[in-house]
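Proteins come first, then strands; the chains are lettered A, B, ... in the order of their sequence lines, and each starts at number 1.
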There are 2 protein chains.
Amino acid sequence: MTIKDIARESGYAVGTVSRVINHNPNVSDAARARILEVIEKYHFQPNANAKHLKQQANQGIAMIVKGTHNMLFASVLEKMQAECSAAGYSSMVFYIDENDNEVEQARCVCRERKPYGVIFLGSDRNHFGPDLADLGVPCLLMTNTAATAAIPNLSSVSVDDVAAAVRMVGHLLDNGHRRIAFIGGDLTSSQPSSARLSGCLSEFSRRGLSFDPAGQYIEARYTLVGGYHAMEQLLDNLPGLTAVFAFSDIMAIGAIRALRDRGLRVPEDVSVCGFDGIELADYLSPRLTTIRQPAERMAGCGVSILIRCIEEGCDAVHELVPYELLEGESIQRLPDPNKIH
Amino acid sequence: MTIKDIARESGYAVGTVSRVINHNPNVSDAARARILEVIEKYHFQPNANAKHLKQQANQGIAMIVKGTHNMLFASVLEKMQAECSAAGYSSMVFYIDENDNEVEQARCVCRERKPYGVIFLGSDRNHFGPDLADLGVPCLLMTNTAATAAIPNLSSVSVDDVAAAVRMVGHLLDNGHRRIAFIGGDLTSSQPSSARLSGCLSEFSRRGLSFDPAGQYIEARYTLVGGYHAMEQLLDNLPGLTAVFAFSDIMAIGAIRALRDRGLRVPEDVSVCGFDGIELADYLSPRLTTIRQPAERMAGCGVSILIRCIEEGCDAVHELVPYELLEGESIQRLPDPNKIH
DNA sequence: CTGAAAGCGCTTACAG
DNA sequence: CTGAAAGCGCTTACAG
């Protein structure tokens, strides 16, 4: 069933059928009514490939998401889709495995779907090189900054990961913690993890405290079980530790379970804090102290940047949105160490 | 840049270029080498719309997912994508809002992408009528049964929701609970909710106990906040209640938070159980007692059914996979009510 | 092994 | 307002 069949049956030419389908006003009411009737009768659906081939059309905005289990991404994504459609762009989500190459995927998508722009949720910094410009459309990296990558068509929206980590570490130190461990992602591939770790390091050194990345930082996947195993290792390696800063809420939840399975209470025996500020963090007991990344605001900001790049050809921008330290109940105030000494 | 350009530059005809691109063996090594060289030089990517138009080709298997926040769906999806690609099918995920019409979306996708088959994760029973057959490809509903819908091209894989609810209610009753409330989805649209509720009803009546759906069952969205508000309502309406059965783990987590915010302990004051058996359930404190839907097994089963329908034109089948009651720590054993009386 | 040509199902100037 | 026709970028018999 093609528009040719509709044309024959309705007694009009294919051009007229096409105009009816595309809501072109230059069609008589009689023709429109008749053609619509035939279309209805056969439940005719035009062939999108032909349409797009002809129009060289593209398909709105592509969103490439690494991993299906990331609750922060889910929130960001939901809002971005709403923002895109409010701005008159359709959006198309491509989920890929955490270990797949998101830039390769973007190449495929650009070839097949010709989007106006591409949004990345999650990234391996090793995949983002200057050849991203070959995609030929504005791109946006969400929740990681791409400022240092300096790729001409890649914008980014994120919190200031360094400052946020400084803030959280400061909070732990202010609460009397000194033996603190960290659980984060693979430092060679995860830009936010290394930014957060460097924030931690700098706050330690600013306060004249020592920090041993080899012993205090454990790399883990951003999953429950990743946080769980990392915590087990830390308990074996760092006896007497009083606080753990996990670089995602999900890892923090895993870590808390590991602590409890060793008979330790949170926060009485060990304090735990997370990063992301997912909705779930506020439903746990104890409520998780964490850094909130404002998903909705980031999404809105990102979409408007990308659309500006698309419509006005603006240069890439790297926007930092404000984070927030959400005080939960998972950090214990320890006796002031200065008073002890 | 089209194959015409490649043809001109390489000195061969477009047909030969096309053959190289499609790995047709009938090309001389010399031609292949030269053409590949030119393709490389320009990073040429063939236009997929033209290819698909010509081939009337389709794009593997479409997966339509309702809601981005469902952890059970995320697990099922991940496994299904792996299974599809292992079977040589590409897969394409379409996330839609929980309130959008998944069957409408499937129509769009079928028109635009011509998939071999469509998988639905999540469904509103009102959207599934006999006109689903118009899609012209085998469809599969995951985690909800479609046995009663009896649509010729719609298979389904699910647990036996009725039996699972009977089992969980029996477990609560066996533990001495009598004042039990239920939190589930909208009964007019959610097939599993009404199946589970009917299981609850039948177990109550089998044991000669009364059940008041109007008072004991609260409809909520399948979200944290949905569970939270439903629990608040129940506390207001059913004083003295000793147990709550939420029809999803996420709702159960919301309910637990609401209980604690009213100063009640779980399970000492009120027992809570969930449904789904998401990974998170086992990381909570107390660990959640729940019905495990075997995500991986369901995914594997569903994909193989769909592929059989696609390749061998089999009739739709409705498969039940075994559920499992996961005993956590969220149900309190009460004194035997028979001994009291 | 290769080329010339038809045709996939649409859209859109162009002419009337 | 409508029709006839060109053409989007590919694939694939067909002929050589």
Base versus backbone protein contacts along nucleotides 8-14 of chain C [heavy-atom cut-off under 4.0 Å; B, S, -]: BBBBBB-

Exactly one of S190(B), S158(B), S123(B) should register a side-chain hydrogen bond (donor to acceptor under 3.5 Å, both in side chains) with N144(B). Which one does? S123(B)

Is it the case that the side chain of S193(A) and the backbone of G185(A) share a donor-acceptor pair, with hydrogens and angles ignored and the cut-off at 3.5 Å? yes

Can you list the residues that meet the salt bridge (charged side-chain N to carboxylate O under 4.0 Å, His left out) rule with K41(B), with sequence neighbours excluded? E9(B)

Is any side-chain N of the basic residue among D131(A) and R107(A) closer than 4.0 Å to the acidic one's carboxylate O? yes

In whole angstrom, give the distance that lies between atom CG of N26(A) and atom P of dA15(C). 17 Å

Which dot-bracket string fits DNA chain D when only Watson-Crick or G-U wobble pairs with both atom distances under 3.5 Å count, crossing pairs get [ ], and | stands for a partner on a different strand? |||.||||||||.|||

Residues in salt bridge (charged side-chain N to carboxylate O under 4.0 Å, His left out) contact with R34(A), at least two apart in sequence or another chain: E37(A)

Considering residues at least two apart in sequence or located in another chain, which fulfil the salt bridge (charged side-chain N to carboxylate O under 4.0 Å, His left out) criterion with E319(A)? none

On a whole-Å scale, what distance lies between the C1' atoms belonging to dT12(D) and dG16(D)? 16 Å

Ring pair (Phe, Tyr, Trp, His ring centres under 6.0 Å) contacts touching residues 12-42 of chain A (sequence neighbours left out): none

Would you mind checking if E98(A) and K66(A) are paired as a salt bridge, meaning a charged N to carboxylate O distance below 4.0 Å? no

